[in-house]
Amino acid sequence: MSDVMTDNIYQPDLMEVVQVRQHTPDVRSMRVRFLDEDKAKAFSFSVGQFGIFSAFGYGESTFNICSSSTWKDFIEFCFRRTGRVTDALWRVQEGDTIGFRGPYGNFYPMDAWKGRNLIFIGGGIAMPPIRCAIWYALENRKDYGDITIVYGARAVKDLVFRDELEEWAKHERVRVVQCVDPGGETSDWKGEIGFVPAVVERANIPADDAIALVIGPPIMIKFTLPVLAKMGLADADIYTSLENRMKCGVGKCGRCNTGPVYVCKDGPVFTLEQMKTLPADDM
Ligand SMILES: Cc1cc2nc3c(=O)[nH]c(=O)nc-3n(C[C@H](O)[C@H](O)[C@H](O)COP(=O)(O)OP(=O)(O)OC[C@H]3O[C@@H](n4cnc5c(N)ncnc54)[C@H](O)[C@@H]3O)c2cc1C
Ligand code: FES
């Protein structure tokens, strides 16, 4: 192979799909590993980064890496079936090969968060990008204070990684609050009923020396931010991850830019303080 080909930044690595899990009627996660052993050994990433995954013959899509960076030999991503590429990925089975480029973007400052209380707030399909940080914090438990996880979806059937939510709740100084929108509960539902911002407000979450990572639909984020402000969190301590449409993933094509930043390179992780300097419709 010529140097030109090996240096091609858009050339995906080949990944074997080793596990497919179905979470909801339209959400699956996949565990993939590099076919090339040397690449597998050399690969590392930080929680919060994303990858560009390809279904050959159909195209590429951007997904957060939702496994912890402490897990070796494989990475995981979770996707909602929504269009051309995700339809093709939906047909992929264990043993098949897909493409992967990455890791790309910045990451959650897990080192800077050491010693702080962590508040994770997610809505719907936004649990996967938070999941990697939760596992990372649990695997480095002594580095962090209290952990509160508030996770909501429209209905019980839309909650993802439900088994892991139960598992996280068993850890010391970890509180998991699950909620579904009114009408989305089942007869055996034991969690809260209400929209995420209201549930956060009534949950009496200790907010001293806390950081919050909030990811979800824009409407959820919009109404959660004032609640966090009321709890005393500073804008610099509230983080989110943006999902602007991307193409190259590496700051070349301009597809993802908002104001002066390329979300793929300068983000996707931003504090509310940073978000306030960006054009208003990006949050
Ligand atoms: C940094 C980043 C991280 C992401 N992480 C995840 C993740 O972990 N899991 C996940 O399911 N999705 C994630 N997304 C969104 C995901 O990339 C798109 O849903 C996916 O590319 C759709 O591809 P498609 O070809 O199947 O859909 P298309 O056929 O391209 O589009 C189908 C529908 O989805 C909409 N759509 C496509 N891309 C986006 C987007 N970026 N934001 C909002 N709507 C979009 C289109 O407008 C259209 O209505 C992420 C996006 C970014 C930029
Ligand atoms: S996706 Fe091309 S510049 Fe960000």
Side-chain angles (χ1 to χ4, degrees), residues 8-10 12 20-32 45-69 75-92 98-108 120 122-135 151 153-154 158-161 164 213-221 239-270 275 278 281-283:
N8 183 351
I9 55 168
Y10 301 113
V20 179
R21 285 171 70 188
Q22 178 127 4
H23 297 270
T24 77
D26 62 355
V27 176
R28 280 185 183 165
S29 61
M30 281 185 189
R31 177 176 293 186
V32 296
F45 74 99
S46 299
V47 287
Q49 290 192 290
F50 64 89
I52 297 198
F53 296 79
S54 35
F56 298 119
Y58 294 91
E60 297 187 311
S61 265
T62 311
F63 305 114
N64 288 94
I65 300 174
C66 72
S67 42
S68 172
S69 53
I75 55 171
E76 293 179 337
F77 67 100
C78 182
F79 65 99
R80 167 169 286 145
R81 184 182 189 183
T82 170
R84 182 178 159 83
V85 177
T86 48
D87 263 352
L89 286 172
W90 196 261
R91 293 191 291 273
V92 166
I98 64 167
F100 166 76
R101 299 195 279 123
Y104 294 140
N106 67 353
F107 43 83
Y108 305 132
F120 295 113
I125 181 71
M127 175 43 68
I130 297 178
R131 171 194 185 235
C132 54
I134 294 172
W135 276 119
Y151 174 47
R154 279 195 183 150
D158 298 318
L159 293 160
V160 301
F161 291 108
E164 296 185 22
L213 174 61
V214 190
I215 310 182
I219 185 96
M220 183 207 95
I221 294 180
Y239 293 77
T240 193
S241 185
L242 293 184
E243 292 202 352
N244 292 37
R245 296 280 216 114
M246 292 182 184
K247 199 160 180 63
C248 70
V250 289
K252 304 271 185 209
C253 71
R255 180 75 173 87
C256 66
N257 91 298
T258 169
V261 306
Y262 286 129
V263 173
C264 66
K265 213 159 53 84
D266 305 310
V269 180
F270 294 94
M275 294 287 303
L278 301 179
D281 57 355
D282 282 299
M283 188 157 185

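Counting starts at 1 for both ligands and their atoms, in listed order. A quick note: this is a predicted structure, and the numbers were derived from the prediction, not measured.
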- Task: Start with the C-alpha gap between Phe53 and Phe77, add the side-chain angles, then the distance that decides, and say whether ring-ring contact (aromatic ring centres under 6.0 Å, His included) holds.
- Result: CA-CA 9 Å; Phe53 296 79; Phe77 67 100; 4.1 Å; yes
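- Distance check on atom 43 (C) of ligand 1: every protein heavy atom falls at or beyond the 4.0 Å cut-off.
- Scanning Val85, Asp87, Leu242 for the heavy atom closest to atom 24 (P) of ligand 1 points to Val85.
- Taking Arg21 as the reference, Asp163, Glu164 meet the side-chain hydrogen bond (donor to acceptor under 3.5 Å, both in side chains) condition, with sequence neighbours excluded.
- Scored by the ring pair (Phe, Tyr, Trp, His ring centres under 6.0 Å) test, Phe107 finds no partners at all (sequence neighbours excluded).
- Annotation: atom 5 (N) of ligand 1 to nearest protein heavy atom, Asn64 OD1, 3.0 Å.
- Sorted by chain and number, the protein atoms of type N, O or S within less than 2.8 Å of atom 2 (Fe) of ligand 2 are Cys248 SG, Cys253 SG.
- In terms of modelled atom types and a separation under 3.5 Å, the side chain of Arg84 and the main chain of Tyr58 share a donor-acceptor contact.
- Summary of contacts: the protein heavy atom closest to atom 21 (O) of ligand 1 is Ser61 OG, 2.7 Å.
- Taking the side-chain hydrogen bond (donor to acceptor under 3.5 Å, both in side chains) definition, one finds that Thr24 meets it with Asp26, sequence neighbours left out.
- Ligand 1 has a nitrogen or oxygen under 3.5 angstrom from a nitrogen or oxygen of Gly83.
- Heavy atoms of Cys78 approach ligand 1 to within less than 4.0 angstrom.
- Within the set Ile65, Thr62, Asp26, the minimum heavy-atom distance to atom 2 (C) of ligand 1 is found for Thr62.
- Annotation: the span from Leu242 atom CG to Cys256 atom SG amounts to 10.0 Å, rounded to 0.5 Å.
- Among all heavy-atom pairs drawn from Cys66 and Pro128, the shortest one is CB-O, 3.2 Å.
- Any N or O atom pair closer than 3.5 Å counts here, and Arg80 shares at least one such pair with ligand 1.
- Within the 4.0 angstrom cut-off, atom 49 (O) of ligand 1 has no protein heavy-atom neighbours.
- Residues Arg101 and Tyr10 approach most closely at CD-O, 3.2 Å, considering heavy atoms.
- Close approach of ligand 1 to Thr82 is summarised as follows: ligand atoms under 4.0 Å from at least one heavy atom of the residue are 19 (O), 22 (C), 26 (O), 32 (C), 33 (C), 34 (O).
- Of all heavy-atom pairs between Ile98 and Ser54, the closest is CB-O, 3.3 Å.
- Comparing Lys247, Arg245, Arg255 against atom 36 (N) of ligand 1, the shortest heavy-atom distance belongs to Arg245.
- Each of Glu76, His23, Arg131 was checked for a side chain to side chain donor-acceptor pair (under 3.5 Å) with Ser29, and the lone residue meeting it is His23.
- Below 3.5 Å of separation, one finds an N or O of Glu243 facing an N or O of ligand 1.
- With a 4.0 Å cut-off on non-hydrogen atoms, Asn244 touches ligand 1 through its backbone and not its side chain.
- Shown here for Leu89 and Met30, the closest heavy-atom pair between the two residues is O-CE, 3.1 Å.
- By the 4.5 Å heavy-atom criterion applied to side chains, Asp87 and Arg81 are counted as neighbours.
- Between Phe56 and Pro12, the closest heavy-atom pair is CE2-CG, 4.3 Å.
- The presence of a protein heavy atom under 4.0 Å from atom 18 (C) of ligand 1 is ruled out.
- Distances below 4.0 Å separate heavy atoms of Thr86 from the following atoms of ligand 1: 24 (P), 26 (O).
- Of the candidates Phe63, Tyr104, Trp90, it is Phe63 that places a heavy atom closest to atom 6 (C) of ligand 1.
- Closest non-hydrogen pair, Leu278 versus Thr258, comes out as CD2-O, 4.0 Å.
- Annotation: atom 29 (O) of ligand 1 to nearest protein heavy atom, Arg84 N, 3.1 Å.
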